[in-house]
Number of protein chains: 2
Amino acid sequence: MATIRDVAKLADVSVSTVSLALSNPARVSQKTLEKIRQAIAAVGFVADPLAQSLARGRSRMIGFIVGNVGNPFFGDIRRELENYALDHQHFVVVTDSSGKTDRERAMVEHLIGLKTAGLALAPSGHDRDYIDFIAGLNLPIVCFDQKVAGIERDFVGSDNYLAGAMLTEHLLQLGHRRIAVITGPSHMHTATERYRGFADTMANAGVDINPNFVVDGQFTRTAGYEAAMRLLIQPERPTAILGTNNAVALSTLQAMQELGFRCPEDISLAMIDNVQWSSVITPRITMVVQDTLALGGIIARRLMHRITNPQGAVEPPQDFVLTPKFVPGNSCRRI
Amino acid sequence: MATIRDVAKLADVSVSTVSLALSNPARVSQKTLEKIRQAIAAVGFVADPLAQSLARGRSRMIGFIVGNVGNPFFGDIRRELENYALDHQHFVVVTDSSGKTDRERAMVEHLIGLKTAGLALAPSGHDRDYIDFIAGLNLPIVCFDQKVAGIERDFVGSDNYLAGAMLTEHLLQLGHRRIAVITGPSHMHTATERYRGFADTMANAGVDINPNFVVDGQFTRTAGYEAAMRLLIQPERPTAILGTNNAVALSTLQAMQELGFRCPEDISLAMIDNVQWSSVITPRITMVVQDTLALGGIIARRLMHRITNPQGAVEPPQDFVLTPKFVPGNSCRRI
DNA sequence: TTATCAAATCGAACCGGTTCGATAAAGCCT
DNA sequence: AGGCTTTATCGAACCGGTTCGATTTGATAA
């Protein structure tokens, strides 16, 4: 591999001039610029990113940290960020924390060690320790998906309250009153907001919520399945179920199928968030989906803005909350 | 951030001794080892991975390059690799080429620039140029999924011929004769092998293949959908369709639903590869799945072996081919 | 006591760039 | 021509580690 010294030697200039020519060509005369250009081509020089990062104290990498890269929601965002970053000479390093806070922390620390230019982070933690950790980081960070109280950073996400409210309203409109909800972890902002949207809408309609109809699905497949089962074996069953994320909703569908309940004939089902291949799942589930492409675009722009703009670092954090979209399916029937 | 020189100063030893103590404690006396240990703790020293990589000419990172990180197949493999690598003090950098050869190349070059210790690569290319590029790389590489003729590297994958043969045999057993197949790109090893398995099994059973029943689905959603449509609008329809990957098979199911064909009553469907939430898709599709966890484990072990073992680099490349598993569903009926 | 050898430690060069103050060259004005 | 800027280039220090040959220390043997 050719180094900058090889180039300098061949072009008969100093190393620092070559470096300058590369980083700020305007300050170098046309004549030497041309000599250097030729020398670079002749030896096939490519700057070593590692050496650059070490000297600059900053790399051209962006860290992307989520709990599950396989989740298409994160996948879409990743793609948008990657495209945008690539257009701006930055490289995205994707890491998966599997939703574990300690692992996420290890990964963030590793990324910091790599002197990444910035971080796009879907936070997995929520306690004091975690918040302090994030707060203590001294580099551009854009958080997304989970809004964590106490983290003073840019945040990009969807209106989860509205998501819960929209589907609840839809079910009420169809005549449902015995509506059950499968919730997510209470420490997650998305979970509490979606539930709030549900509860407020029910209250506004003057419909009481049956306490037995509120079960915790932890946003996971297994817990969601168990939660659904608990709902379905009750003597007085709900006429409709709202799954507050895709995992619990689809687990519910599975549970219903296994117990011989038809959807929507016996029980209606609505879900928040999309899922791959939702179009071939029978019935097509009525859902509220997030605009992942828009979210990804905003995250990318905001992060690159903070990275490339010198004064971007001191701009106060800002929240970007997008409106989710209602996508009707045929999993909810009128009663 | 504390540097190694801070530690050396505090412990009153030379910088090189500190470095030695860290990399090979046995060569340092107990006394100084202890002094250094305390100094490290006192200043909170953590070695800068960038500086280490630059000096060593090698980092503790492993590159993982696939065409679609969202694909659960790759997701499972990634997880296995990540766990194993983390246990061995290595960090996995995930990159997504979106299946584009030039993008993959750019990413590989970037990873090389990062002086990654090794690469786990699902190759996306197949032409001379690409093969030469991969062959020219001078670091441990384990290829997986696609076996590319001409690439002399370790390879980990499944017996795709068998996968095609198993499902074909299954359909034949059920009495099907008019079996259609939706194939993948002819330059992909998995695609050709799966088709070979189909064709040979048909031939062995003495069943002629209707040329109209062989359509190209490109392993993609859109092309698969179109291919399925071409099959389904023929006056003489197949009684069973073999989708040679999940995208084309599920697109076929979608096309069938849209045209009002019931599965399996009107047409049976079998597919190669799994998909997330397959258990809630109606009907549950009969499929042959790869043992992703085992694949990931082998990839991880093989790669780390080559990385950590000095003589591992010169070991001749080896192929690891696993047997896929038949998973019965209810998408194929006896006729 | 001194020669011998292994173990422990050190110094300096190196990895491949960046940065900034100093110097040299060129341009402008009186 | 002399003084004053501006522009172009350079040298050296630096980023934070590793590596290896050289030197010092300590123990053992003669």
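Just the heavy atoms: all of them, side chains too, but no hydrogens, waters or symmetry mates, feed the values below. To find a chain, count down the sequence lines: A is the first, B the second, and so on, and within it residues start at 1.
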Taking side-chain contact (heavy atoms from CB on, under 4.5 Å) as the test, write out the residues that go with B/Asp132, two or more places apart.
-> B/Arg128
Sequence-distant partners of B/Gln38, side-chain contact (heavy atoms from CB on, under 4.5 Å), two or more places apart | B/Glu34
When rounded to whole Å, the CG to C1' distance for the pair B/Leu33 and C/dT9 reads 13 Å
For A/Phe64, enumerate each residue passing the ring-ring contact (aromatic ring centres under 6.0 Å, His included) test, keeping only those at least two apart in sequence or located in another chain.
-> A/Phe144
Are any of A/Thr17's side-chain N or O atoms less than 4.0 Å away from OP1 or OP2 of D/dC10?
-> yes
In short, ring-ring contact (aromatic ring centres under 6.0 Å, His included) pairs touching residues 114-141 of chain B with sequence neighbours left out are B/His126-B/His187
Of all residues at least two apart in sequence or in a different chain, which pass the side-chain hydrogen bond (donor to acceptor under 3.5 Å, both in side chains) check with B/Thr116?
-> none
Give every residue pair that meets the side-chain hydrogen bond (donor to acceptor under 3.5 Å, both in side chains) criterion with at least one member in residues 17-29 of chain B, sequence neighbours excluded.
-> B/Ser14-B/Thr17, B/Ser29-B/Thr32
Table of protein N/O atoms under 3.5 Å from nucleotides 4-7 of chain D N/O atoms:
none

Smallest heavy-atom separation, B/Ala120 atom then B/Leu303 atom, equals N-CD2, 3.9 Å
So the ring-ring contact (aromatic ring centres under 6.0 Å, His included) pairs with at least one residue in residues 5-43 of chain B (sequence neighbours excluded) are none
Applying side-chain contact (heavy atoms from CB on, under 4.5 Å), name anything that partners B/Ser53, two or more places apart in sequence or on another chain.
-> A/Leu50, B/Ser59
Round to the nearest Å and state the distance from B/Lys31 atom NZ to D/dT25 atom C1'.
-> 10 Å
Students should find that the end-to-end axis angle of the helix from C/dT1-D/dA30 to C/dT30-D/dA1, with five pairs defining each axis and rounding to 10 degrees, is 50°
Filtered N/O pairs between nucleotides 14-20 of chain D and protein, under 3.5 Å:
| residue | atom | partner | partner atom | Å |
| --- | --- | --- | --- | --- |
| D/dG16 | N7 | B/Arg5 | NH2 | 3.2 |
| D/dG17 | OP1 | B/Asp48 | N | 3.4 |
| D/dG17 | OP2 | B/Ile4 | N | 2.7 |
| D/dG17 | N7 | B/Arg5 | NH2 | 2.6 |
| D/dG17 | O6 | B/Arg5 | NH2 | 3.2 |
| D/dT18 | OP1 | B/Gln52 | OE1 | 3.2 |
| D/dT18 | OP1 | B/Arg56 | NH2 | 3.3 |
| D/dT18 | OP2 | B/Ser19 | OG | 2.5 |

Tell me: CG of B/Asn24 to C1' of C/dA8, nearest whole Å?
-> 12 Å
If you look only at pairs with a residue in residues 100-119 of chain A, which of them pass as a ring-ring contact (aromatic ring centres under 6.0 Å, His included), with sequence neighbours excluded?
-> A/His110-B/Phe91
